[in-house]
Amino acid sequence: MKLLISIAAVASIMASDALADTYKWVTYKPQGAGDAQAITTQWFADQFAERTGGKHEIEIFWGGSVAKTREIPETLAAGVGDFGDVVTPYFPDLLPLNNAIGFYIPQPMDSLGVGEAMEEWHARYPQFSEELAEQNLHAVGFRPLESYGLLCTKPVRSLDDMKGLRIRSYGFAYPALIEAMGAIPVSISTADAYEALQRSVIDCTPIGPALARGWKYDEVAKYYIEAPFGASFGHIIAMNLDSYNAMDDETRAVIDQLGHDYLLEYSRELDEDATRVRELWKGDLGVEVMEFPAGELEALVADERVQAVREEWIEKAEARDVPVDDIVEKLTF
C-alpha cells in the first residue's frame, strides 16, 4: 500500500511539473554583474514562481546567450523569448512615443518619477502600448536609469568650464544640449567610453554613480559634476504579446501587479547602489563630487537647438493623436 501511495505521489508531482509553464527571459546582462538590474531580474523571476504557487516559472538566459542588446526586440517578437530587456533609447525610430524622455534632457524627474510617469502614460494613452503591439511586444514593467550628472577627467564648475570639452553623446537631446553648452558632442558607445575617457578622446560622459562604477569609468575619470540632467529612461521589461495574451486571467494579473512592484524594488536597489558608490568615491576611489549651478543648465532649455528636439517629439506624438500637454508638463522645469 505504501509503495502504491509513493508511486501515486511521484506521478502527481510529475503531472504537476508537466503542466507548469516555463517562460524564457532573454537579457544581455551578465548574471554575475551584481548591480540593480541583475539583482532585480532574478527577483522578478523568483517572485513570479512564488506568486503563481510554482505553477509557472521564468528561466533567465543571461549575458546575451540568446540575443544581444539590439537583437532583443526582434527575438521577443518572433517568440524565441517570452520576456526580455528592451533598451528603449537604442530604438528611437521603432519606439518614438516610448522614447519621450530621451527628447527631454534635462528634465526634473528622478528615477522613480520617470518609471511612474511611464506607467501613467501607458495607462492613460493607448498609443504607447499600441506602438509596442505593432512589434508584437507588450510592456509589463519599466526600468528607468538613475539621475545623471557628468563624470569628467577634469573639474567642471560652470558652463564656462564646459566650453570646448568633448562630451560623450547619444540619443536626441544630449547632442543638442551639449552643443548649447558650448561643448562638442562625440558619439561613443557605452562599452567604448572607458577607453575614450582613459585616452582623452572624450573629457566627460553623462552618467549616474551606479552605472559609472558598474562600467568602472570612475577608475579613469575622477570628477563627478552634479549637473541636473534628471533621470533617463532606460528599459522596458517587455513580453512577447502572444505569450502575454495566452496567459490565463489569474497569471496575467500576477504579471501586471509584479510589473508595478518591480519598479519599486528596482528603484530601491538602484538608490542603495548609488549611495554605496558615493561612499566608495569618498574613500579609496577618490572621486570628487562637484556642485553645478542648476539654473545655468535649466536656462539652456530655451536654446533653439534644444527646443527643436522637443518639438520633434511633439510632432511624432501628435501624429498619433497623443495629447501632449500633460506629458510635456511633467518633462519641463
Side-chain angles (χ1 to χ4, degrees), residues 44 72-74 76-77 82-145 147 171-174 176 229-247 249 252-264 266-267 301 306-333:
F44 191 111
I72 288 177
E74 186 176 355
L76 290 179
D82 302 293
F83 292 84
D85 307 307
V86 175
V87 184
T88 319
Y90 285 4
F91 307 100
D93 296 326
L94 201 66
L95 305 171
L97 288 184
N98 284 279
N99 266 298
I101 292 156
F103 289 79
Y104 281 82
I105 300 293
Q107 59 82 24
M109 292 185 287
D110 62 10
S111 178
L112 180 58
V114 163
E116 289 175 337
M118 288 294 291
E119 286 186 332
E120 177 187 340
W121 298 338
H122 271 255
R124 290 181 62 182
Y125 308 116
Q127 296 92 332
F128 279 76
S129 295
E130 289 166 2
E131 183 178 76
L132 288 164
E134 290 166 5
Q135 310 304 321
N136 200 31
L137 300 174
H138 174 76
V140 299
F142 304 99
R143 184 189 294 128
L145 302 181
S147 292
F172 297 97
Y174 276 118
F229 291 137
S232 296
F233 182 61
H235 314 150
I236 290 173
I237 297 175
M239 275 196 76
N240 171 278
L241 182 59
D242 297 329
S243 296
Y244 178 78
N245 288 336
M247 288 177 164
D249 292 343
R252 198 179 302 116
V254 168
I255 283 293
D256 292 344
Q257 182 61 48
L258 185 52
H260 172 71
D261 295 347
Y262 176 87
L263 174 62
L264 302 179
Y266 168 78
S267 297
V301 172
V306 175
Q307 283 298 311
V309 171
R310 297 180 175 212
E311 286 297 325
E312 182 182 349
W313 184 82
I314 290 173
E315 290 175 8
K316 291 175 184 290
E318 289 180 339
R320 299 194 65 139
D321 297 322
V322 177
V324 299
D325 290 348
D326 290 342
I327 296 173
V328 169
E329 183 179 357
K330 274 188 176 292
L331 291 169
T332 52
F333 289 96

How close do [X] and [Y] get, heavy atom to heavy atom, and via which atoms?
X    : Y    : value
V114 : P144 : CG1-CB, 3.8 Å
Y244 : V140 : CD1-CG1, 4.3 Å
A238 : V86  : CB-CG2, 3.8 Å
T332 : P108 : O-CG, 3.6 Å
G259 : E119 : O-OE2, 4.4 Å
N245 : R252 : O-NH2, 3.0 Å

Handout entry: Ring centroid separation Y174 to F229 under 6.0 Å
Key = yes
Practice task
For the pair F83 and F44, name the ring-plane relationship: parallel under 30°, tilted 30 to 60°, perpendicular over 60°.
Solution key: perpendicular
Practice task
Just say parallel, tilted or perpendicular for the rings of F103 and W313, cut-offs at 30° and 60°.
Solution key: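 Answer is tilted, since the angle falls between 30° and 60°.
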Exercise for the section: Sequence neighbours left out, what passes salt bridge (Lys or Arg N to Asp or Glu O under 4.0 Å) with D256? Give chain and number order. Expected result: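 For D256, no residue satisfies salt bridge (Lys or Arg N to Asp or Glu O under 4.0 Å) once neighbours in sequence are set aside.
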Practice task
Step by step, work out the side chain to side chain contact (heavy atoms under 4.5 Å, CB included) result for W121 and L97.
Solution key: CA-CA 10 Å; W121 298 338; L97 288 184; over 6 Å; no
Problem - Verdict with supporting geometry, Y90 and I72, side chain to side chain contact (heavy atoms under 4.5 Å, CB included) - result: CA-CA 11 Å; Y90 285 4; I72 288 177; over 6 Å; no
Side-chain donor or acceptor of [X] paired with backbone N/O of [Y] under 3.5 Å:
X    : Y    : value
Q107 : F333 : no
D110 : S147 : no
Q127 : D321 : yes
N99  : G102 : no

How long is the gap from [atom1] on [X] to [atom2] on [Y], to the nearest 0.5 Å?
X    : Y    : atom1 : atom2 : value
L132 : M239 : CG    : CE    : 13.0 Å
N98  : F91  : CG    : CZ    : 12.5 Å
L137 : E131 : CG    : CD    : 10.5 Å
I237 : F142 : CD1   : CZ    : 9.0 Å
N136 : N240 : CG    : CG    : 5.0 Å
L76  : Q135 : CG    : CD    : 11.5 Å

Do [X] and [Y] have side-chain heavy atoms sitting under 4.5 Å apart?
X    : Y    : value
M247 : V254 : no
L145 : F233 : no
V301 : Y104 : no
D326 : E120 : no

Practice task
Test I105 against V306 for side chain to side chain contact (heavy atoms under 4.5 Å, CB included), laying out the working first.
Solution key: CA-CA 9 Å; I105 300 293; V306 175; over 6 Å; no
Handout entry: Residues I327, Y125; criterion side chain to side chain contact (heavy atoms under 4.5 Å, CB included); working and verdict
Key = CA-CA 10 Å; I327 296 173; Y125 308 116; 3.7 Å; yes
